[in-house]
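Report on the structure given below.
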Amino acid sequence: APAAARLCAGGEAAAAGGDGALLRHLCRKLRASGPVTVAEYMREALTNPAQGYYTRRGGIGESGDFITSPEISQVFGELIGIWYISEWMAMGKPNTFQLVELGPGRGTLIEDILRVFNQLSSVLSKCDVSVHLVEVSPKLGEIQARMLTGGKVQPSHEDESAYMKGISKTGIPIFWYRDIQDVPSGYSFYLAHEFFDALPIHKFQRTEKGWREVLIDIDPEVPDQLRFVLSPSSTPATENFIQPEETRDHVEVCPEAGVIIQRLACRIEKDGGAALVADYGHDGTKTDTFRGFRNHKLHDVLSAPGTADLTADVDFSYLRKMAQERTTTLGPIKQREFLKNMGIDLRLQVLLQNSHDTATREQLLHSYDMLMNPENMGDCFNFFALLPHHRLVHPDKKDKPESKSSSLPVAGFNELLLK
Ligand code: SAH
């Protein structure tokens, strides 16, 4: 598990937090109605409306609990902004699109993307762009509003599906929602960076008697201490989520990720656009990846729920399966390959040439190393995309979509050939 990815940035210690209210709430529930699934526990710990980690803390950044690529370097968001413009051009420059981000954190990534859109406004000039943010945490929603609009937001009217709206510093309308289903339909580019890893997973263990779901219960020996137990018999989830040909002994499944990918694939198939997913993960090979982070250190997932970030690697093979061939899928491809294909080396050179003090240059080189080095985030983070089937068919070969050799390159997933 990429502990290195969530680097120890040496920031000030985050407030200890957690008066144990969520643990007491969970223990009451467990005593009353028995063990819960890991998914139910994870959902409570992260997004309980009063006591969840993201609802209360959401400690992203150096002074928080974990740091993410957009928080490390502006280059990350800039290259992703270029990816969307490149796809918009490849799809014939439609005259309007929505940029939809799932789980925008502090809003840094979308801010960097909007800066690129503004710099390339001559290219995008005749295009009507709007931004749609899906965020459950009111606290992070507020931070995003401050970052993107300078705090100038207003609650939406009751007949609107957004809960808040505002205008970006560069003049683009921004809307906030709690659920992807509330985002209006229409030609859209979707973005999910470190979003799917925060969605609740089910865990399963192979035993001599067959597959059993891992559950969470109270330890009878220690008051208010949680522990893992196995379901005594198979549960509906074991029947539904374990494939007969499965060879691993321990499997994690995130049905909520599957549902969201299905929705994205349906929307892209119907209205056009593309989705870019970036996260740490595997292609259906890893087993036990459930872990917690607090103050940049690994944290026992069962202790002090609500005070630590809980996460599990994204299973990209499951996401691909859940797209159900409604769209083409590309990847997963390693972050260092994707960013290299997007031209990160050239961008670094330009920034180095334009910076005249040693501290800035060192900072640029350090953040490049964080994003690209296989020992940091270069290898464990992956990019994955959903695209309409027709995107990969060469215009001259539309009648023969089976001829793969005519595929048009997609930025990031292919080496960019600068003409
Ligand atoms: N993309 C950001 C933040 C990642 S943290 C970055 O890379 O820095 C995960 C984000 O997803 C947070 O903004 C969190 O509040 C949000 N989130 C978690 N579960 C969610 C859910 N079920 N629906 C919508 N947003 C969710």
Side-chain angles (χ1 to χ4, degrees), residues 22 25 39-60 68 70 97-111 113-114 130-149 151-168 172-186 188-201 254-268 271 273 275-277 279 305-306 309-312 314 319 322:
L22 187 58
H25 158 77
E40 200 170 339
Y41 172 77
M42 200 171 162
R43 181 175 298 112
E44 287 278 343
L46 291 182
T47 56
N48 176 292
Q51 304 291 338
Y53 173 77
Y54 283 118
T55 342
R56 276 169 45 122
R57 255 162 82 95
I60 308 156
T68 59
F97 70 81
Q98 311 189 121
L99 179 59
V100 183
E101 186 178 14
L102 308 176
R106 292 156 51 89
T108 315
L109 182 51
I110 207 86
E111 165 101 335
I113 293 174
L114 291 183
S130 56
V131 167
H132 304 261
L133 304 177
V134 181
E135 176 56 74
V136 275
S137 160
K139 189 166 176 182
L140 284 170
E142 239 174 74
I143 293 175
Q144 293 150 18
R146 229 177 297 139
M147 164 88 86
L148 298 168
T149 72
K152 280 179 261 153
V153 284
Q154 54 193 102
S156 286
H157 296 295
E158 271 180 25
D159 56 339
E160 289 174 318
S161 57
Y163 64 81
M164 184 164 76
K165 61 182 177 187
I167 308 271
S168 84
I172 290 179
I174 310 185
F175 302 86
W176 277 264
Y177 312 81
R178 285 187 191 86
D179 195 297
I180 179 74
Q181 278 178 291
D182 298 334
V183 178
S185 59
S188 303
F189 289 117
Y190 300 91
L191 173 61
H193 182 259
E194 288 219 39
F195 169 74
F196 284 105
D197 72 279
L199 298 180
I201 53 152
C254 183
E256 216 167 294
V259 168
I260 293 176
I261 283 290
Q262 245 174 16
R263 295 213 166 108
L264 296 184
C266 286
R267 291 171 77 118
I268 292 168
D271 302 318
L276 192 60
V277 174
D279 225 308
D309 181 32
L310 300 184
T311 166
V314 173
L319 300 192
M322 295 310 280

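Position 1 is the first residue of the sequence; numbering continues from there.
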Charged tip of R267 within 45° of Y190 ring normal and under 6.0 Å: no

Quick check: does any side chain N or O of Q144 sit under 3.5 Å from a backbone N or O of T108, one acting as donor and the other as acceptor? no

Side-chain (S188) to main-chain (G273) donor-acceptor, under 3.5 angstrom: no

Sorted by chain and residue number, the salt bridge (charged side-chain N to carboxylate O under 4.0 Å, His left out) partners of R146 (sequence neighbours excluded) come out as E142

Are [X] and [Y] side-chain neighbours, meaning at least one heavy-atom pair lies under 4.5 Å?
X: L191; Y: L102; result: no
X: V277; Y: F196; result: yes
X: I174; Y: I110; result: no

Is there a donor in the side chain of R56 and an acceptor in the side chain of Q51, or the other way round, less than 3.5 Å apart? yes

Please determine, by modelled atom types, if N48 and Y53 share a side-chain donor-acceptor pair under 3.5 angstrom. no

Please determine if K165 and E160 form a salt bridge, counting it only when a charged side-chain N lies under 4.0 Å from a carboxylate O. yes

Please name all residues satisfying ring-ring contact (aromatic ring centres under 6.0 Å, His included) with Y41, sequence neighbours left out, ordered by chain then number. none

According to ring-ring contact (aromatic ring centres under 6.0 Å, His included), who are the partners of H193, at least two apart in sequence or on a separate chain? F76

Which of these, I143, T68, L148, sits in a side-chain contact (heavy atoms from CB on, under 4.5 Å) with R106? I143

Take the angle between the ring planes of F97 and F189 and call it parallel below 30°, perpendicular above 60°, tilted in between. perpendicular

